[in-house]
Q: 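Below is the structure I would like to discuss, written out as structure tokens.
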There are 2 protein chains.
Amino acid sequence: MDGGAQSPAKKRKTSWKKDPEAVKENILAIATEEFAAHGLSGANINEIARKTSTSKRMIYYYFGDKEGLYCKVLEGVYGSLRRSEDLLDVAGLEPVEALRRLVEATFDAHANAPHFIRLVMIENIHNGDYLRKSDIVPKLNRSIIDKLEEVCARGKDQRLFREGADALELHWLISSFSFYNVSNKATFSASFGTSIYSKVHQAILKKKATDMILAAVVNGHEPSSWN
Amino acid sequence: MDGGAQSPAKKRKTSWKKDPEAVKENILAIATEEFAAHGLSGANINEIARKTSTSKRMIYYYFGDKEGLYCKVLEGVYGSLRRSEDLLDVAGLEPVEALRRLVEATFDAHANAPHFIRLVMIENIHNGDYLRKSDIVPKLNRSIIDKLEEVCARGKDQRLFREGADALELHWLISSFSFYNVSNKATFSASFGTSIYSKVHQAILKKKATDMILAAVVNGHEPSSWN
DNA sequence: CTCTTTATGTACCTCTGGGTTAATTTGTCA
DNA sequence: TGACAAATTAACCCAGAGGTACATAAAGAG
């Protein structure tokens with residue numbers, strides 16, 4: 001699919017060019033695939049090297065060892081998700097619509113970030129050891145919590161939201177079905193079939209889950225999608 | 001640390017006894033720990049053997065290879081969960097109470113089955129390949145779905161539940177927060193602190209999540225724990 | 001134009017870990 | 001009681017994966 005690096009016409013004179021950033025990026029991209037696919041111990045450095053346009057030597061040159069590479073991969077996917085969360089702007093929406101938008105966006109973001117999901121699963125298998133060692137932790141998913149807090153505050157101010165609406169608890173709930181929906185697709189399908197993973201059923205689940213959150217948070221909200 | 005197997009005084013006469021079932025059980029118990037702790041590729045057969053009261057050779061004698069052992073471990077934990085689900089009887093309760101009980105029981109069952117959670121996570125990393133190969137799949141989590149279906153049917157008959165209440169969708173929702181709560185504890189804590197994992201906060205989350213489900217399903221249910 | 005630093009390729013080393021071979025002991029049934 | 005199967009032990013094998021040594025080409029400093 002990509003390849004093409006071997007085309008002789010391009011680089012016949014200077015046998016190779018120095019381009020550290022591109023090399024690092026290339027390694028990280030492949031490593032993300034491989035770690036996401038096979039886990040930390042399951043991924044194979046030789047295989048990663050083979051799929052890059054560089055050599056195993058360069059992996060160790062830039063990342064030290066397998067764990068170092070894994071950490072950078074982890075930081076990369078967390079960074080991507082955070083950047084996508086930062087793009088979301090609900091400050092202009094009224095509270096109920098803002099919350100609906102946040103839930104739906106979280107659901108979609110998870111559905112569209114399979115690498116992130118898998119690497120978080122893998123990291124949880126390792127008890128979060130590498131995430132904790134990394135320096136990205138503090139600012140981690142801060143932005144999504146900030147947004148939820150802002151929306152909750154406005155909702156309560158306007159007497160639209162119940163007082164029990166709590167940003168962290170909401171994030172826990174919203175993340176749970178958004179994450180589980182992707183992370184446990186394989187075993188859930190094996191047990192109960194693939195029906196809920198059809199495009200239409202996914203839309204229904206998103207709608208019902210969103211409505212359920214709203215029914216819990218918003219005073220007098222009728223969860224009409226459950227009728 | 002352990003050792004002691006070399007002490008000559010103990011076993012000078014009958015050096016060993018035949019007890020295949022006990023040996024198999026012993027291997028399975030240790031292997032469950034190790035696979036749950038380190039994953040399929042992360043677990044080490046030599047280490048498993050060392051922790052058993054038998055030898056590596058016996059693992060291969062009874063389970064063929066590493067994957068065979070893993071499959072039996074997987075079947076074991078799924079079986080345990082299913083048996084615990086079978087014990088739950090809500091047929092005598094009126095629909096709303098029955099549903100509340102099912103949600104709470106699922107939440108607690110997951111919280112108390114860390115091995116199951118980790119092995120399901122691991123199995124999902126492997127795309128459910130081994131679960132699908134196993135012969136336990138058909139009857140898998142059938143009982144919990146049957147119970148939900150029975151309760152939903154009664155609830156709708158009595159015009160207590162909304163028509164949109166669907167057993168499989170409910171199971172997806174209930175499982176999601178029950179599972180995520182345990183599976184992602186490490187990364188969630190790393191990001192947002194451990195506050196939600198205190199005993200009291202866990203009870204609050206269970207209450208609120210249950211109330212949220214009820215508010216979605218039950219006509220006119222007021223989610224009072226959110227006030 | 002050299003000297004140094006950075007970047008890269010090739011070949012290699014080591015040891016771990018999954019899996020096996022072969023012999024030995026225990027139980028059982030004619 | 002002796003052959004035969006089942007259970008078990010100890011020692012071994014070896015591919016493969018993580019990691020390294022060493023030489024060297026490119027780029028930058030002076």
Side-chain angles (χ1 to χ4, degrees), chain A residues 5-6 8 10-31 33-35 37-73 122 126 130, chain B residues 2-8 10-28 30-31 33-35 37-73 122 126 129-130:
Chain A
Q6 287 85 344
K10 250 336 178 355
K11 43 164 65 177
R12 87 208 108 149
K13 214 164 95 191
T14 60
S15 61
W16 52 272
K17 196 77 192 297
K18 284 197 179 190
D19 192 350
E21 290 312 310
V23 168
K24 275 198 244 185
E25 280 311 306
N26 177 233
I27 292 171
L28 268 182
I30 303 290
E33 295 280 342
E34 293 294 300
F35 281 125
H38 309 294
L40 174 51
S41 41
N44 183 324
I45 293 280
N46 291 308
E47 182 68 5
I48 293 173
R50 201 184 58 73
K51 292 187 177 176
T52 63
S53 47
T54 178
S55 67
K56 178 162 71 159
R57 178 69 186 76
M58 298 312 292
I59 296 174
Y60 286 96
Y61 184 69
Y62 285 120
F63 299 96
D65 59 10
K66 197 185 192 184
E67 297 193 351
L69 179 58
Y70 171 78
C71 281
K72 293 301 178 191
V73 164
I122 288 160
H126 294 284
Y130 301 95
Chain B
D2 56 34
Q6 286 87 344
S7 64
K10 260 302 174 33
K11 42 163 71 180
R12 88 207 107 150
K13 216 164 92 192
T14 61
S15 60
W16 51 271
K17 196 72 193 301
K18 282 196 180 190
D19 193 349
E21 290 312 310
V23 168
K24 276 198 244 184
E25 281 310 307
N26 176 232
I27 292 171
L28 269 181
I30 303 289
E33 295 278 342
E34 293 294 301
F35 281 125
H38 309 294
L40 175 51
S41 42
N44 183 324
I45 293 279
N46 292 309
E47 181 67 5
I48 293 173
R50 201 183 59 73
K51 291 187 178 176
T52 63
S53 47
T54 178
S55 67
K56 178 163 70 160
R57 182 65 185 81
M58 297 312 291
I59 295 175
Y60 288 94
Y61 184 68
Y62 285 120
F63 299 96
D65 59 8
K66 197 185 191 183
E67 296 191 352
L69 179 58
Y70 171 78
C71 281
K72 292 301 177 190
V73 164
I122 289 159
H126 295 284
D129 291 344
Y130 302 94

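First the proteins, then the strands, lettered A, B, ... as listed; each starts at 1.
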Q: Base, sugar-phosphate or nothing for Ala49(A)? Non-hydrogen atoms, less than 4.0 Å.
A: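 Touches nothing.
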Q: When rounded to the nearest 0.5 angstrom, what is the spacing between CD1 in Ile48(B) and OG1 in Thr54(B)?
A: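 Result: 13.0 Å between the selected atoms.
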Q: Heavy-atom distance under 4.5 Å between the side chains of Lys56(A) and Ile45(A), does that happen here?
A: yes
Q: Take Lys72(A) and Leu28(A) through the side-chain contact (heavy atoms from CB on, under 4.5 Å) test and state the conclusion after the steps.
A: CA-CA 8 Å; Lys72(A) 293 301 178 191; Leu28(A) 268 182; 3.8 Å; yes
Q: Output the rounded distance in Å from NE2 (His38(A)) to P (dA17(D)).
A: 11 Å
Q: Would you say Lys66(A) and Phe35(A) make side-chain contact, with heavy atoms under 4.5 Å?
A: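 Heavy-atom side-chain distance check passes, below 4.5 Å.
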Q: Quickly work out the Asn46(A) CG to dG16(D) P distance and round it to whole Å.
A: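 Computing the Asn46(A):CG to dG16(D):P distance gives 10 Å.
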Q: For dG9(C), take OP1 and OP2 only and decide whether either is under 4.0 Å from a side-chain N or O of Ser55(A).
A: yes
Q: So Phe63(B), base contact, sugar-phosphate only, or nothing? Heavy-atom distance under 4.0 Å.
A: nothing
Q: What is the nucleic acid contact for Asn44(A), judged by heavy atoms within less than 4.0 Å: base, sugar-phosphate only, or nothing?
A: sugar-phosphate
Q: Could you state the NZ-C1' distance from Lys56(B) to dG19(C), rounded to the nearest angstrom?
A: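 For the pair Lys56(B) NZ and dG19(C) C1', the rounded distance is 7 Å.
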Q: What's Ala22(A) touching, base or sugar-phosphate or nothing? Going by heavy atoms closer than 4.0 Å.
A: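 Touches nothing.
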Q: Kindly indicate whether the side chain of Lys66(B) and the base of dG19(C) share any N or O donor-acceptor pair separated by less than 3.5 Å?
A: no
Q: Of all the nucleotides listed (dT20(C), dT8(C), dA17(D)), which has the minimum atom distance to the side chain of Tyr61(A)?
A: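 Nearest to the side chain of Tyr61(A) among the choices is dT8(C).
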Q: Toward the 5' end of DNA chain D, which comes first, Arg57(A) or Glu47(A), by nearest nucleotide?
A: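 Residue closer to the 5' terminus by nearest nucleotide: Glu47(A).
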Q: Measure CG/Asp65(A) against C1'/dA17(D) and give the value in whole Å, please.
A: 14 Å
Q: What integer distance in Å separates Tyr60(A):OH from dG9(C):C1'?
A: 16 Å
Q: Identify which nucleotide among dG9(C), dG19(D), dT6(C) has an atom closest to any side-chain atom of Met58(A), counting heavy atoms from C-beta outward.
A: dG9(C)
Q: Is any side-chain nitrogen or oxygen of Tyr62(B) closer than 4.0 Å to OP1 or OP2 of dT8(D)?
A: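 So the side-chain polar atoms of Tyr62(B) do come within 4.0 Å of the phosphate oxygens OP1 or OP2 of dT8(D), strictly under.
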Q: Using whole Å, what does the distance between atom P of nucleotide dG18(C) and atom CD of Glu34(B) come to?
A: 11 Å
Q: Using a cut-off of less than 4.0 Å, is there contact between a side-chain N or O of Thr54(B) and OP1 or OP2 of dT9(D)?
A: yes
Q: Please give, in whole Å, the distance from dG17(C) C1' to Arg50(B) CZ?
A: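 After rounding, the reported distance stands at 14 Å.
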Q: Is any side-chain heavy atom of Asp65(A) closer than 4.5 Å to one of Ile59(A)?
A: no
Q: To the nearest Å, how far apart are Ile59(B) CD1 and dA7(D) P?
A: 16 Å
